[in-house]
Amino acid sequence: MENKIIKEDFLDFNTGELPYDKGHSALGEYHHLVYDGYFGNFYDPISLHQWRNLDGSWLITEEDGKHFLEQNRGDNSKGAFQNVYATLVHRTKLYSTYKLEYDLRMFEVAGMAGMAFSYLTSRYYYAVGLKYGSLCLYRRNEETIDIIDELKLEPDFDYDKTYHFEVLVRDDVIVKLDGKEVLKGKIDYVNGRSIAFVSKSQVRYSNLLVTMTDSELLAHDKGILAEEKRIESKRNRYPNLKNIKRLDLGVYGSGRQLRIAKYDGEVYLLFAQHQKRYIRDSFAHLSSMTLFNYTKGERVWTIGEPNNSFDNTMISCDLPFQIADVDNDGKLEVIYAMNFEVRIIDLLTKKLKRTMKTPVIYNDPLVKNEPFYRLNVDAIRVADFEGLGYKGDFIIKDRYQNVWAFDKDFKELFRYHNKNTGHFPYIFDYDNDGKDELLIGYDLIDHDGKMIWSLPMNTDHTDEIIYAKLHKNEEEKFILASGNEGMNLINKDGTIYKHNEIGHAQRISVAKYDLNRSGLQIMATAFWGSDGIVCDYDYKGNLINQMEVGSNGSVVTPVMYDGINTLCLLHSDTDGGLIDINLDRVVLFPDDGHPTLCSEVYDIDDDGIDEILCWDQTSLWVYKADKFTKPKKDYSKYPDTGFSNYRGEYLISLEDLS
């Protein structure tokens, strides 16, 4: 007897496009966005900037009372993204062998179109694909596509016909076309994976069906029960998340443009809003900032005219503002760029202390495609290039080309221009001489602006950087999320220690995610072309596990959760939560209506246990484990003087390096 596990005729969908980011933007790199519309039991894991000005990938159409799913994208991916397929994943996990059936008609024949099975991520699966001249059974593993079996089609193959496919999914796969066996081959079948539509061509799908025999269904049901018990057992080991504070942001809130500071026994939150000039997100400027006293739940001051609209709060870059004691007087200041000036103001009173005009870039031979007379600052960060003993110097940068370093008197110290700068430099004392160096993009720069080394990488740019000792027997390493260059571990001397393909590497973190494993572990995510992939690695950069979240905005930030266990934050929506080293969602957020757009991790009350801040443009909610013990170790984190949407997060104790 055949038992139906998945039956999809798409009649529960209205005709029209499935939801997608109509701007094909980078907002989902660190915002959790939910697009209006109905997805049914599916999710789309692909985001790609090359698709700007194009419509969505998936379309529901109708003919003679039947509904069809059509790939509406064609190919339209090239270069580093040439292996990006339009993908639509069914959320059902299958815990036994099964038979997959579907109907397919080609509207375009140049690219491979079909269905994936034993699907783990958009970069790892098996599939049956049809294109002009051939029908293939193949495996995708990252950028490698291996043909397992292939049928060369006759020249008179009818591509206008709707064909019925049957795929017996097991260790020895059999593929039937209109009832005739045409392909077969061995695969590494794994329970608990999914099926997905994958296509490079415009095609029409219908009559999706997954069935199991009685014995397969029994194994499937047992697998589901075993998995539920396994996860439940894990979740019972951890305390629950409890909401401990709510803050009304009024019109002063923003997206993930937040700075946090502790001063004189109080915690302060500084939100920034912006306006976009000239080209999308490339030349935004600060339009308003608002300081909140978190402890008292009160607004302290506002600069500029607040506007918490989507356009003024959502952006796929940093905004140039930081909190630090830049004049070493024991008081905190805000250093920020607004209206082509760098300004330093007192944190609590917003009294102006100092100001300078940004550099003139008109006719500057090292600046290309910048539309203004003066620099529109992309990001700002404090540093100590002079050996002052405090962060009295600072850098400002443009979008991907140049960095300027200034001293406490606003005198230019040096300027960097070589490779793509990326978004946010890593500033630290590399050679222990009391002066800061910076890793900017692919280049390590000394405190005087001289090049120390440059990596042999020249495409895309570095989004996030961590410099850390990962094991007691190893030297410090740079961990880089460098977009299409992958996730890389770099030796101190600038040689590549380990390269990992993950797609477009976007975010990274380092922590002791596994108490039973040697050294520290690395979490990483991908975005462009393969959104939602999360991978973890050991201290040598070897892959441990990988998965696909099925939604965007995972920040993979370490959380000292209960005094013993470090977990990793995805996002705060129902399909997010906190994961462990096995990438299991072991702690979930309450279904209490909290905002899910943005999240951040911060130890607000200095008890060693992290709080999780969740917010959108109007409110901020804070969560914490409802039971915990005080940690017995001291941990280092990214400094509060360097907040950015493009910084690798870490939670490191020297005791965890063994």
Side-chain angles (χ1 to χ4, degrees), residues 26-35 241-262 266-274 286-302 304 306-319 321-323 507 551-559 568-578 587-605 610-625 638 640 643-647 649:
L27 292 174
E29 290 174 346
Y30 47 84
H31 296 97
H32 175 61
L33 301 173
V34 180
Y35 305 110
L241 279 170
K242 178 183 178 181
N243 177 235
I244 61 171
K245 193 176 186 71
R246 302 182 187 185
L247 188 63
D248 182 4
L249 302 179
V251 297
Y252 308 100
S254 189
R256 208 169 182 273
Q257 301 292 344
L258 171 66
R259 309 291 183 254
I260 309 174
K262 295 175 181 176
E266 306 276 355
V267 177
Y268 293 91
L269 309 177
L270 181 61
F271 288 92
Q273 299 173 351
H274 69 276
L286 279 172
S287 59
S288 179
M289 292 191 300
T290 297
L291 184 70
F292 284 89
N293 183 311
Y294 169 87
T295 311
K296 298 177 181 179
E298 299 174 349
R299 181 172 65 91
V300 180
W301 52 254
T302 297
N307 181 344
N308 65 346
S309 68
F310 186 93
D311 285 344
N312 289 67
T313 59
M314 298 296 290
I315 193 167
S316 60
C317 61
D318 280 333
L319 293 177
F321 70 117
Q322 301 288 352
I323 299 174
R507 301 189 65 89
S551 54
N552 57 29
S554 291
V555 293
V556 294
T557 302
V559 180
C568 181
L569 172 65
L570 297 177
H571 54 72
S572 66
D573 210 342
T574 53
D575 57 346
L578 307 181
V587 176
L588 305 181
F589 282 81
D591 185 12
D592 55 5
H594 65 273
T596 61
L597 178 67
C598 306
S599 54
E600 182 63 273
V601 177
Y602 195 85
D603 181 8
I604 291 175
D605 52 12
D610 284 324
E611 283 78 21
I612 302 174
L613 288 68
C614 308
W615 75 95
D616 58 16
Q617 293 94 336
T618 61
S619 66
L620 179 143
W621 295 32
V622 182
Y623 291 86
K624 189 173 187 173
Y638 213 105
D640 292 352
F643 271 92
S644 170
N645 289 313
Y646 300 90
R647 71 180 199 183
E649 303 289 357

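The first residue in the sequence is number 1, and the count goes up from there. These values consider heavy atoms only, across backbone and side chains, with no hydrogens, waters or symmetry-generated copies.
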*Asks:* So with a 6.0 Å cut-off around CG of D591, is the heavy-atom count from everything else above 12?
*Replies:*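 Counting other residues, nucleotides and ligands, CG of D591 stays at 12 neighbours or fewer.
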*Asks:* Can you see which heavy atom on Y638 is nearest to which on R647, and at what distance?
*Replies:*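 Heavy atoms of Y638 and R647 come nearest at CD2-NH1, 3.4 Å.
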*Asks:* What's the spacing between R299 CZ and L247 CG if we round to 0.5 Å?
*Replies:*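 CG of L247 is found 12.0 Å from CZ of R299.
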*Asks:* Has the side chain of Q257 got a donor or acceptor atom that lies under 3.5 Å from a matching backbone atom of C317?
*Replies:*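 A pair under 3.5 Å: yes.
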*Asks:* So if I apply the side chain to side chain donor-acceptor pair (under 3.5 Å) rule between K624 and each of D605, D603, N243, D610, which one comes out positive?
*Replies:*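 Result: among D605, D603, N243, D610, D605 is the only option passing the side chain to side chain donor-acceptor pair (under 3.5 Å) with K624.
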*Asks:* Indicate the atoms forming the closest heavy-atom contact of S599 with V555, along with that distance.
*Replies:*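 Where S599 meets V555 most closely, the heavy atoms are OG-CG2, 3.9 Å.
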*Asks:* Applying ring-ring contact (aromatic ring centres under 6.0 Å, His included), name anything that partners Y646, two or more places apart in sequence or on another chain.
*Replies:*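 In terms of ring-ring contact (aromatic ring centres under 6.0 Å, His included), with neighbours along the sequence ignored, Y646 is linked to Y30, H423.
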*Asks:* Keeping the roles fixed (side chain from H32, backbone from N552), state whether a donor-acceptor pair exists under 3.5 Å.
*Replies:*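 Side chain of H32 to backbone of N552: a pair is present.
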*Asks:* Go through the steps for V622 and Y602 under the test side-chain contact (heavy atoms from CB on, under 4.5 Å), then give the verdict.
*Replies:* CA-CA 10 Å; V622 182; Y602 195 85; over 6 Å; no
*Asks:* Any sub-3.5 Å donor-acceptor pair from E266's side-chain atoms to Y294's backbone N or O?
*Replies:*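 Such a contact is absent between E266 side chain and Y294 backbone.
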*Asks:* Any salt bridge between E600 and R256, counting N to O under 4.0 Å?
*Replies:*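 Salt bridge flag = yes for R256 with E600.
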*Asks:* Decide yes or no for T302 and S288: does some side-chain heavy atom of the first lie under 4.5 Å from some side-chain heavy atom of the second?
*Replies:*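 When only atoms from C-beta onward are counted, S288 and T302 do touch, with a gap below 4.5 Å.
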*Asks:* Nearest 0.5 Å, what's the CG-CD1 distance between L270 and I323?
*Replies:*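 Nearest 0.5 Å value for the CG-CD1 distance: 5.0 Å.
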*Asks:* Work out which heavy atom in S254 is nearest to a heavy atom in A272; give both atom names and the distance.
*Replies:*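 Looking at all heavy atoms of both residues, the closest pair is OG-O, 2.6 Å.
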*Asks:* Please check: side-chain N/O of D573 versus main-chain N/O of D575, any donor-acceptor pairing under 3.5 Å?
*Replies:*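 No, D573 side chain to D575 backbone: no donor-acceptor pair under 3.5 Å.
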*Asks:* For T618, check side chain to side chain donor-acceptor pair (under 3.5 Å) against everything at least two apart and list the hits.
*Replies:*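 Per chain and number, T618 pairs via side chain to side chain donor-acceptor pair (under 3.5 Å) with D616.
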*Asks:* Quick one: do the T596 and S572 side chains pair a donor with an acceptor below 3.5 Å?
*Replies:*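 No, no side-chain donor-acceptor contact under 3.5 Å.
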*Asks:* Kindly compute the distance separating CZ (R259) from CZ (F321), expressed to the nearest 0.5 Å.
*Replies:*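 The distance works out to 3.5 Å.
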*Asks:* Ring-plane angle category for H594 and Y623, please: parallel below 30°, perpendicular beyond 60°, tilted otherwise.
*Replies:*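 Geometry flag for Y623 against H594: perpendicular rings.
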*Asks:* Does the side-chain contact (heavy atoms from CB on, under 4.5 Å) test come out yes or no for T557 and I612, once each step is laid out?
*Replies:* CA-CA 10 Å; T557 302; I612 302 174; over 6 Å; no
*Asks:* Could you go step by step and tell me if I260 and D640 meet the side-chain contact (heavy atoms from CB on, under 4.5 Å) rule?
*Replies:* CA-CA 7 Å; I260 309 174; D640 292 352; 5.9 Å; no
*Asks:* Distance check, rounded to the nearest 0.5 Å: Q273 atom CD versus L319 atom CG?
*Replies:*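 These two atoms lie 10.0 Å from each other.
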*Asks:* Taking the side chain as every heavy atom from C-beta outward, state whether L620 and F292 have any atom pair closer than 4.5 Å.
*Replies:*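 With C-beta onward as the side chain, the pair stays apart.
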*Asks:* How long is the span from the CG atom in L241 to the CD atom in E611, to the nearest 0.5 Å?
*Replies:*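 It is 11.0 Å, given to the nearest 0.5 Å.
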*Asks:* Looking at every heavy atom in both W615 and G255, which two are closest together, and how far apart are they?
*Replies:*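 Nearest pair, atom of W615 first, then G255: NE1-O, 3.0 Å.
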*Asks:* If you look at every heavy atom in K262 and V267, which pair is closest and at what distance?
*Replies:*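 Closest heavy-atom pair between K262 and V267: CG-CG2, 4.1 Å.
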*Asks:* Does N645 offer a backbone N or O that forms a donor-acceptor pair with the side chain of D318 under 3.5 Å?
*Replies:*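 Such a contact is found between D318 side chain and N645 backbone.
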*Asks:* Using the rule given for side-chain contact (heavy atoms from CB on, under 4.5 Å), can you reason through W621 versus D592, listing the C-alpha separation, both sets of side-chain angles and the distance that settles it, and then say yes or no?
*Replies:* CA-CA 11 Å; W621 295 32; D592 55 5; 3.7 Å; yes
*Asks:* Given 3.5 Å as the limit, does a donor-acceptor pair link the side chain of H274 with the main chain of N312, or not?
*Replies:*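 Side chain of H274 to backbone of N312, a donor-acceptor pair under 3.5 Å: yes, one is there.
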*Asks:* Heavy atoms only: give me the nearest V556-R507 pair and the separation to one decimal.
*Replies:*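 What the structure gives for the nearest pair is CG2-CB, 3.9 Å.
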*Asks:* For the side chain of H31 and the backbone of L33, is there at least one donor-acceptor N/O pair under 3.5 Å apart?
*Replies:*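 Answer holds: no.
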*Asks:* Give the intermediate values and the outcome of side-chain hydrogen bond (donor to acceptor under 3.5 Å, both in side chains) for residues S309 and N307.
*Replies:* CA-CA 6 Å; S309 68; N307 181 344; 3.2 Å; yes
